[in-house]
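Quick notes on the structure that follows.
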Amino acid sequence: MLAAHVGERTWRGVPLVTDVEETLTGPKGEIGNLRLTFGGPVRFSARERHVLRTFAHAVATTVLNAGLYDDVRAEASRQAHEASHDPLTGLANRVLLQERVRAALGERHNLTTALLLLDLDHFKEVNDTLGHDAGDELIVSTARVLRGSL
């Protein structure tokens, strides 16, 4: 909705204004306002009001699209992290390991590349005797120690 602060002066029957404001709306209602403030009184015709409404609609659409883009980018980032990290420990999983090994082996800068594999001895026995919750806690504790060592 266009709001204009109209002075008492007119020019050829058209009120002179010092500022105009158009509400930015989206599917869920008002998202903001677009306000034009002029240095002094100006004539603001019906055609100019229509152009402002059209521009305000484009601005509202752009603002809403930017928010949607941010949501999509955040979701893609979250999914990429989930695809490459263990949900229990947050450590890189086999997919990320393979990707990083390929990248490290593909570099030809005379760098030394090493890969360390760890195995928790008797882990199956921990799961079988103490339960999967205890096994999960052992894995989480081990990951915490590894993180602290790096």
Do side-chain atoms of His85 reach the backbone of His81 as a donor and acceptor pair under 3.5 angstrom?
yes
How close do Gly90 and Arg147 get, heavy atom to heavy atom, and via which atoms?
C-NH2, 3.6 Å
Keeping Glu48 on the side-chain end and Ser45 on the backbone end, is there a donor-acceptor pair under 3.5 Å?
yes
Taking Leu88 as the starting point, is it possible to reach Leu130 by hopping between hydrophobic residues whose side chains are less than 4.5 Å apart?
yes
Phe55, CZ: over 12 other non-hydrogen atoms inside 6.0 angstrom:
no
Counting only heavy atoms from other residues, nucleotides and ligands, does the tally under 6.0 Å from CZ of Arg100 exceed 12?
no
With heavy-atom distances below 4.5 Å as the criterion, would you say the side chains of Asn93 and Pro87 are in contact?
no
Side chains of Val20 and Val17 in contact at under 4.5 Å (non-hydrogen atoms):
yes
Do you see a donor-acceptor pair shorter than 3.5 Å between the side chains of Asp86 and Thr89?
yes
Nearest 0.5 Å, please: how far is CG in Leu34 from OG1 in Thr23?
9.5 Å
Lys/Arg N to Asp/Glu carboxylate O, Glu99 vs Arg102, below 4.0 Å
no
Between atom CZ of Arg47 and atom CG of Leu52, what is the distance when rounded to the nearest 0.5 Å?
12.5 Å
Flag the pair Leu64 / Ile31 as yes when at least one side-chain heavy-atom distance between them is below 4.5 Å, and no otherwise.
yes
Compare every heavy atom of Asp70 with every heavy atom of Arg73, then report the nearest pair and how far apart it is.
NH2-OD1, 2.9 Å
Provide the closest heavy-atom pair for Asn127 versus His132 in the form atom of the first, atom of the second, distance.
OD1-CA, 3.5 Å
Rounded to the nearest 0.5 Å, how far apart are CZ of Arg49 and OG1 of Thr54?
13.0 Å
Thr18 side chain near Val42 side chain, heavy-atom distance below 4.5 Å
no
Any Gln98 side-chain heavy atom under 4.5 Å of Arg94 side chain:
yes
How close do Leu91 and Ala143 get, heavy atom to heavy atom, and via which atoms?
CD1-CB, 3.5 Å
Enter the distance from Arg35:CZ to Asp19:CG here, rounded to the nearest 0.5 Å.
4.0 Å
Measuring from atom NE2 of His122 to atom CG of Leu138, what distance do you get when rounded to the nearest 0.5 angstrom?
12.0 Å
Nearest-0.5 Å distance, CZ of residue Phe44 to CG of residue Leu16
12.5 Å
Residue pair Asp128 / Lys124: nearest heavy atoms and the distance that separates them
OD2-NZ, 2.6 Å
